[in-house]
Participant: 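One structure coming up, written as structure tokens, with questions to follow.
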Amino acid sequence: MGTFWGPDLEALRREDPEIAGVLLGELERQRSGLHLIASENFTSAAVLAALGSTLTNKYAEGYPGQRYYRGCAEVDRAEKLAIERAKALFGAEHVNVQPHSGASANMAAYAALVQPGDTVLAMDLPHGGHLTHGSKVNFSGKWFRTVGYHVRPDTELIDYDEVRELALAHRPALIICGATSYPRLLDFPVFRDIADEVGAYLMVDAAHIIGLVAGRAVPSPVPFADVVSCTTHKVLRGPRGGMLLCREPLGARIDKAVFPFTQGGPMMHAIAAKAVALREASRPEFQGYAHQVVRNSQALSAGLAAEGMRAVAGGTDTHLALADLRELGVCGRDAEDRCEQAGITLNKNAVPFDPEKPTTASGIRVGTAAVTTQGMGEAQMREIAGLIATAVRADPATAAGASALREIAVRAEELAQRFPAYALGSSYELA
Ligand code: DSN
């Protein structure tokens, strides 16, 4: 990776040493540990440069060529580039790059496709869905009648027979496919058939996989979905943000649903950074990266399974894997705590049909987008699986456990520093 973009740090240090300290502390944290949160990655220096730019100063409500304010010539160029690059990369007929996040993109997609009170069929949260797919604590579960589908108990793969039965029984206006903790490929043609059978729109929430789609490492949902929603900061390696891709007849509805219905002024610095990331993702090297992400996640999942942490759904086809810890007698929450003490960041996660409550959980979720950006390969994944296994078994309440966790933290830092996340310029020395 390139040198971390530097000039403004000096200005920040002079003006606000406390926040400068936060930036440096976070940079140090990102450089010194192993980061396996499946939705995180390290952006390039170019993406960071676009984000930390004067484009944040510009109001540009509306769309290129049709803004509510003057002075938008430059930001129009940025937004047009982002749109054209996304269209070319994903073969999409229409793209909206303004959603502030994946949840905002999903809210706009609902607004474009359905009316409050309509029925929506989506994956149940404990089986891998997302809050915006019908959770009662989210707008989606409050304003829509949501029905959840599940994975099969025997294979832990989506039960497509159940999806069809529920669709026929409830006649949803919208079917959502896409997940936050489902490690296998989604069968987009089957979802399309079911949606057509009941006259529903099909939306694919591709937040997790869109970077793998860009890198041609998994099949694309674009030819099958009416709308694809996604984030730009996961495997895609762009800034934090969202994006919507759709078929042309829905383009105007999607645009109106984003602005003015659910959002105001777009974040032009983030849109410019999305354009940069989309350009980076269209290079052949990105395909090599995306395929390596998947090989790494398969190696990590197999390594964890060899240590007694069963691979949910029998393994993974994507950037993430779910491991069931019940055989080790350690819950996901304790595993997450112990790994954090050992310099490894990952998250607890419910496994399908989990008897534990979500705050305890029986599993962990790991993802390989960030470590692969650092240049790690399968050999390092096997090493990391060993570190996780030792950490999960180490009870910090005992002297031996606490000492084991300290030892792993040293090894995790050594490994991270062999593959630095960001090369540092001289101004980035910690004060
Ligand atoms: N929070 C994201 C994830 O970690 O999967 C999804 O919103």
Side-chain angles (χ1 to χ4, degrees), residues 30 33-43 99-110 120 122-141 146 148 151 158 176-186 203-213 218 221 227-244 262 270 274 277 293-294 297 300-301 312-313 316-323 332-333 335-336 339-340 344-352 354 358-359 361 363-373:
Q30 292 189 15
L34 295 171
H35 303 289
L36 302 172
I37 304 270
S39 44
E40 293 180 356
N41 206 338
F42 299 116
T43 61
H100 301 324
S101 68
S104 301
N106 284 355
M107 186 183 247
Y110 276 86
V120 176
M123 195 168 193
D124 209 16
L125 184 62
H127 284 231
H130 185 252
L131 282 169
T132 54
H133 297 177
S135 163
K136 292 293 168 209
V137 297
N138 182 263
F139 80 90
S140 54
T146 51
V151 297
I158 289 173
I176 300 178
C177 103
T180 62
S181 55
Y182 186 69
R184 292 301 195 177
L185 297 179
L186 297 158
M203 170 178 143
V204 176
D205 182 340
H208 266 271
I209 58 162
I210 198 72
L212 298 176
V213 175
V218 299
V227 174
V228 175
S229 73
C230 64
T231 51
T232 48
H233 50 269
K234 298 187 172 82
V235 184
L236 190 58
R237 221 157 53 180
R240 186 156 297 280
M243 187 163 67
L244 287 161
T262 56
K274 288 173 191 176
V293 166
V294 175
S297 127
L300 184 53
S301 177
V312 169
T316 176
D317 305 310
T318 67
H319 62 300
L320 69 82
L322 265 188
R333 184 197 53 220
E336 181 185 72
C339 285
E340 187 175 25
I344 303 168
T345 319
L346 47 72
N347 64 279
K348 64 179 170 292
N349 212 101
V351 298
D354 202 323
T359 46
I364 52 173
R365 184 184 72 160
V366 289
T368 52
V371 288
T372 309
T373 293

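One is the number of the first residue; the rest follow in order along the sequence. Counting starts at 1 for both ligands and their atoms, following the listed order. These numbers come from the heavy atoms of this one structure, side chains and all, not from hydrogens, waters or symmetry mates.
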Participant: For the residue pair R237 / T373, report whether a side-chain donor-acceptor contact shorter than 3.5 Å exists.
Facilitator: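 Per modelled atom types, T373 and R237 side chains form a pair under 3.5 Å.
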Participant: Heavy atom under 4.0 Å from ligand 1: found in H233's side chain, backbone, both, or neither?
Facilitator: neither
Participant: Side chains of V218 and L185: closer than 4.5 Å at any heavy-atom pair?
Facilitator: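 Heavy-atom side-chain distance check passes, below 4.5 Å.
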Participant: Identify, by atom number and element, the atoms of ligand 1 in contact range of R365, meaning under 4.0 Å from any of its heavy atoms.
Facilitator: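 Reading through ligand 1 atom by atom, the close ones are 3 (C), 4 (O), 5 (O).
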Participant: Do me a favour and list the nearest non-hydrogen protein atom to atom 3 (C) of ligand 1 with residue, atom name and distance?
Facilitator: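 Ranked first by proximity to atom 3 (C) of ligand 1 is S39 OG, 3.3 Å.
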Participant: Return the closest protein heavy atom for atom 5 (O) of ligand 1 as residue, atom name and distance.
Facilitator: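 The closest one turns out to be H208 NE2, 2.6 Å.
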Participant: What residue and atom, counting heavy atoms only, is the protein's closest point to atom 7 (O) of ligand 1, and at what distance?
Facilitator: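 Result for atom 7 (O) of ligand 1: H130 NE2, 2.9 Å.
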Participant: Could you check if a side-chain atom of S229 sits within less than 4.5 angstrom of a side-chain atom of M203, using non-hydrogen atoms only?
Facilitator: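 With C-beta onward as the side chain, the pair touches.
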Participant: List the atom of A207, the atom of T231, and the distance in Å for their closest heavy-atom pair.
Facilitator: O-OG1, 3.4 Å
Participant: With respect to H133, which candidate in T180, D124, D205 satisfies the side-chain hydrogen bond (donor to acceptor under 3.5 Å, both in side chains) definition?
Facilitator: D205
